[in-house]
K.L.:
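So that we are looking at the same thing, I have put the structure below in structure tokens.
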There are 2 protein chains.
Amino acid sequence: MSPLPSENSVESYVEALSGARSTAEIGAKLESVLKGMGFKSFAYVHVRPPLGKKLRSFVPPGSRSGNQVHEFLSTLPGPWVDHYLSQDYGDLDPTLQAAVSRLMPFQWREIGVRNDLSNGQRKVLNEARDHGVKDGATIPIHGPDSGLSTLSIVGGGGEREFQDAYQRSYRDLVWLAINTHEAFLNLAESAPDLGRVRLTDRERDCLVWTARGKTAWEVGQILSISEETVLFHLKNVTRKLGVFSKHHAVVKAVIQGYIVP
Amino acid sequence: MSPLPSENSVESYVEALSGARSTAEIGAKLESVLKGMGFKSFAYVHVRPPLGKKLRSFVPPGSRSGNQVHEFLSTLPGPWVDHYLSQDYGDLDPTLQAAVSRLMPFQWREIGVRNDLSNGQRKVLNEARDHGVKDGATIPIHGPDSGLSTLSIVGGGGEREFQDAYQRSYRDLVWLAINTHEAFLNLAESAPDLGRVRLTDRERDCLVWTARGKTAWEVGQILSISEETVLFHLKNVTRKLGVFSKHHAVVKAVIQGYIVP
DNA sequence: CCGCAGCCCCCCCAGTTCTGGGGGGCTGTC
DNA sequence: GACAGCCCCCCAGAACTGGGGGGGCTGCGG
């Protein structure tokens with residue numbers, strides 16, 4: 001629809017995503033479209049994997065903590081990426097922390113001037129700059145099932161050029177980021193989706209209120225049924241979901257989207 | 001930038017949002033821009049309020065359970081909204097459940113044809129249709145701090161017209177929804193002290209294994225500590241998260257992304 | 001019409017687990 | 001030296017588990 005010349009590349013990227021068969025393919029496409037928008041390099045990172053989806057992850061070489069890093073795409077300078085991983089900067093990186101509590105894209109500049117950064121956080125930004133990763137912005141992508149990814153873009157020329165490119169493509173960037181995340185979700189195997197069971201309305205009622213911390217007796221009062229009946233329904237759910245207790249059932253029901261507490 | 005005639009209204013809406021001083025103001029603007037796109041009515045709902053933000057909530061009149069409902073905007077038929085609230089349909093509504101595990105907009109039609117809906121879920125869809133809320137779609141907005149909102153749009157004419165309007169404005173709808181959510185966040189007072197708490201490594205360990213259905217004794221075996229110590233840590237978490245039991249704590253920790261079970 | 005399945009409701013009980021208090025003590029780090 | 005994190009212990013009462021046993025209603029296929 002309404003393909004402006006400047007939007008052609010974005011739209012065709014999004015369309016191409018649905019046919020992507022591998023993450024590397026997504027990365028290649030992403031690189032070319034972002035280049036076209038005037039950005040030198042990028043990094044797409046899974047900060048928190050969505051519950052119930054299997055995204056590939058690995059332990060970075062030289063990591064001290066055995067902290068898992070989830071699959072990512074990046075065209076940032078190799079030495080910087082290696083350094084970042086080996087130092088577990090993921091736990092420190094102020095841009096990732098900002099992404100947790102933001103909805104809209106933000107420039108790193110905004111982070112850099114904040115005065116509540118710790119020494120370690122400032123160090124990450126400074127070392128990035130020393131590696132040529134200087135003018136940048138991050139688009140947070142809050143996905144379903146508590147998933148969180150970020151798409152960060154980095155400028156190559158001066159700050160002025162980056163500003164212009166960023167302002168010009170602000171809206172496109174959000175669209176790109178969302179669709180990239182969606183493409184990843186589609187590639188990921190959805191975990192034990194095979195075992196989708198049918199819950200009855202009453203079972204859901206009991207689960208919801210149990211998830212809100214009510215005891216069986218309280219749930220009974222709320223639903224105007226006896227405590228025993230509540231326990232009866234929860235026992236059935238426990239069996240259906242193949243878990244060990246009503247509480248385990250609640251957790252699983254939440255994760256798999258059977259209920260919205 | 002690059003304002004197509006058809007996009008003018010969307011862009012001017014987004015710009016106007018930053019000046020909005022009240023939610024009612026947002027609603028009025030939203031109504032007019034969505035009307036312009038060919039939709040009869042809409043509902044913007046906070047499914048889960050973001051941590052650390054104070055969004056207004058209330059107990060709907062006639063609610064049986066005292067369940068809290070968060071502030072929302074809606075131009076849906078009044079009788080339907082009243083009925084929905086008084087019946088606590090929020091716990092049942094399949095479109096809300098779908099929103100939890102989706103990133104991109106979806107049409108209600110897709111939900112309606114699924115065959116794993118319970119009677120109650122089907123009832124909600126049917127009753128909505130009887131109230132003239134028939135052709136619709138929902139845009140999930142996964143925000144920061146575990147916030148989740150939905151923007152649902154409803155067609156007034158036939159299914160064909162709705163389809164056309166929906167396809168035509170798919171991308172704009174996402175943009176609208178995100179910016180609306182952002183505007184709400186900006187209006188809300190931030191309540192940082194009510195926000196995220198710090199959990200220790202051991203507390204997280206205990207939570208994770210409890211979320212997997214292990215008893216305190218089993219968790220103790222796994223972590224090579226005593227059952228009492230496990231319970232001790234879980235008690236502390238329960239207090240920190242301000243909930244009623246260790247199981248409730250587990251559910252909250254999962255939803256809010258403290259642990260990945 | 002009957003049987004059967006699915007859903008919903010109620011009851012019992014011995015054994016297990018958790019709750020919500022309390023009391024310690026040992027390491028580190030700021 | 002204070003404080004955070006971790007670890008261990010005790011107890012009475014509440015809550016849950018995992019079995020079992022009943023019903024009743026609806027809707028479907030034979």
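Every chain is numbered from 1 and lettered A, B, ... according to where its sequence line falls, protein lines coming before strand lines.
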K.L.:
Please give, in whole Å, the distance from dC25(D) C1' to Arg202(A) CZ?
P.N.:
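So the CZ-C1' distance, Arg202(A) to dC25(D), works out to 14 Å.
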K.L.:
Which whole-number value in Å describes the distance from His248(B) NE2 to dT17(C) C1'?
P.N.:
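After rounding, the reported distance stands at 19 Å.
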K.L.:
Give Leu231(B) one of three labels, base, sugar-phosphate or nothing, depending on what nucleic acid heavy atoms sit under 4.0 Å from its own.
P.N.:
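Base contact.
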K.L.:
Nearest to the Lys246(B) side chain among dC8(C), dC18(C), dC16(D), which nucleotide is it?
P.N.:
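Closest nucleotide to the Lys246(B) side chain: dC18(C).
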K.L.:
Rounded to the nearest 0.5 Å, what separates atom CZ in Arg129(A) from atom CH2 in Trp80(A)?
P.N.:
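Answer for the CZ-CH2 pair, Arg129(A) versus Trp80(A), is 11.0 Å.
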K.L.:
Side chains of Ser118(B) and Thr200(A): do they bring a donor and an acceptor to under 3.5 Å?
P.N.:
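No, because no side-chain N or O of Ser118(B) sits under 3.5 Å from a partner of the opposite role on Thr200(A).
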K.L.:
Which nucleotide wins on minimum distance to the side chain of Glu228(B), given the candidates dT19(C), dC7(D), dC9(D)?
P.N.:
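When the side chain of Glu228(B) is considered, dC9(D) is the closest of dT19(C), dC7(D), dC9(D).
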K.L.:
Could you please name the option among dC9(C), dC10(C), dC8(D) that lies closest to any side-chain atom of Phe232(B)?
P.N.:
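Of all the options, the side chain of Phe232(B) is nearest to dC8(D).
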K.L.:
Establish, yes or no, whether a centroid distance under 6.0 Å links the rings of Phe184(B) and His46(B).
P.N.:
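Between His46(B) and Phe184(B), which both carry aromatic rings, the centre distance is below 6.0 Å.
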K.L.:
If we count only N and O atoms by modelled type, under 3.5 Å, do the side chains of Asn119(B) and Arg122(B) hold a donor and an acceptor together?
P.N.:
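No pair is found: no donor N or O on one side chain lies under 3.5 Å from an acceptor on the other.
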K.L.:
From dC16(D), dC8(C), dC10(C), pick the nucleotide closest to the side chain of His233(A)?
P.N.:
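So the side chain of His233(A) is nearest to dC8(C).
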K.L.:
Are OP1 or OP2 of dT16(C) and a side-chain N or O of Thr215(B) less than 4.0 angstrom apart?
P.N.:
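So the side chain of Thr215(B) is outside the cut-off, no N or O lying under 4.0 Å from OP1 or OP2 of dT16(C).
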K.L.:
Consider the side chain of Ser245(B), meaning its heavy atoms from C-beta on, and name the nucleotide among dT19(C), dC7(D), dC18(C) that approaches it most closely.
P.N.:
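Minimum distance to the Ser245(B) side chain belongs to dT19(C).
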K.L.:
What is the distance from CD1 of Ile225(A) to C1' of dG24(D), rounded to the nearest Å?
P.N.:
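Between C1' of dG24(D) and CD1 of Ile225(A): 15 Å.
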K.L.:
Please confirm whether the shortest side-chain N or O distance from Ser226(A) to OP1 or OP2 of dC10(C) is below 4.0 Å.
P.N.:
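So the side-chain polar atoms of Ser226(A) do come within 4.0 Å of the phosphate oxygens OP1 or OP2 of dC10(C), strictly under.
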K.L.:
Between atom CD1 of Ile225(B) and atom CG of Asp205(B), what is the distance when rounded to the nearest 0.5 Å?
P.N.:
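Rounded to the nearest 0.5 Å, the CD1-CG separation comes to 8.0 Å.
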K.L.:
Want to settle it: does Arg198(B) or Glu227(B) sit nearer the 5' end of DNA chain D, counting the closest nucleotide to each?
P.N.:
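This one resolves to Arg198(B).
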K.L.:
Roughly how many Å is it from CG in Asn236(B) to C1' in dG5(D), rounded to a whole number?
P.N.:
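Rounding to the nearest Å, CG of Asn236(B) and C1' of dG5(D) are 10 Å apart.
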K.L.:
Asp201(A) near the nucleic acid: base, sugar-phosphate alone, or nothing, with a heavy-atom cut-off under 4.0 Å?
P.N.:
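Sugar-phosphate, backbone atoms only, no base.
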K.L.:
Within this structure, what is the CH2-to-P distance between Trp217(A) and dC9(C), rounded to whole angstrom?
P.N.:
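Rounded to the whole Å, the gap is 17 Å.
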K.L.:
Starting at NZ of Lys235(A) and ending at C1' of dC16(D), how long is that distance when rounded to a whole Å?
P.N.:
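Atom NZ in Lys235(A) sits about 9 Å away from atom C1' in dC16(D).
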K.L.:
Taking NE2 from His247(B) and P from dT17(C), how many angstroms apart are they, rounded to a whole number?
P.N.:
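Value for this atom pair: 11 Å.
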K.L.:
Looking for any heavy atom pair under 4.0 Å, which part of the strands does Thr229(B) touch: base, sugar-phosphate only, or nothing?
P.N.:
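The residue Thr229(B) makes base contact.
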K.L.:
Can you tell me how far C1' of dC7(C) sits from CG of Asn119(B), to the nearest Å?
P.N.:
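My rounded result for the distance is 9 Å.
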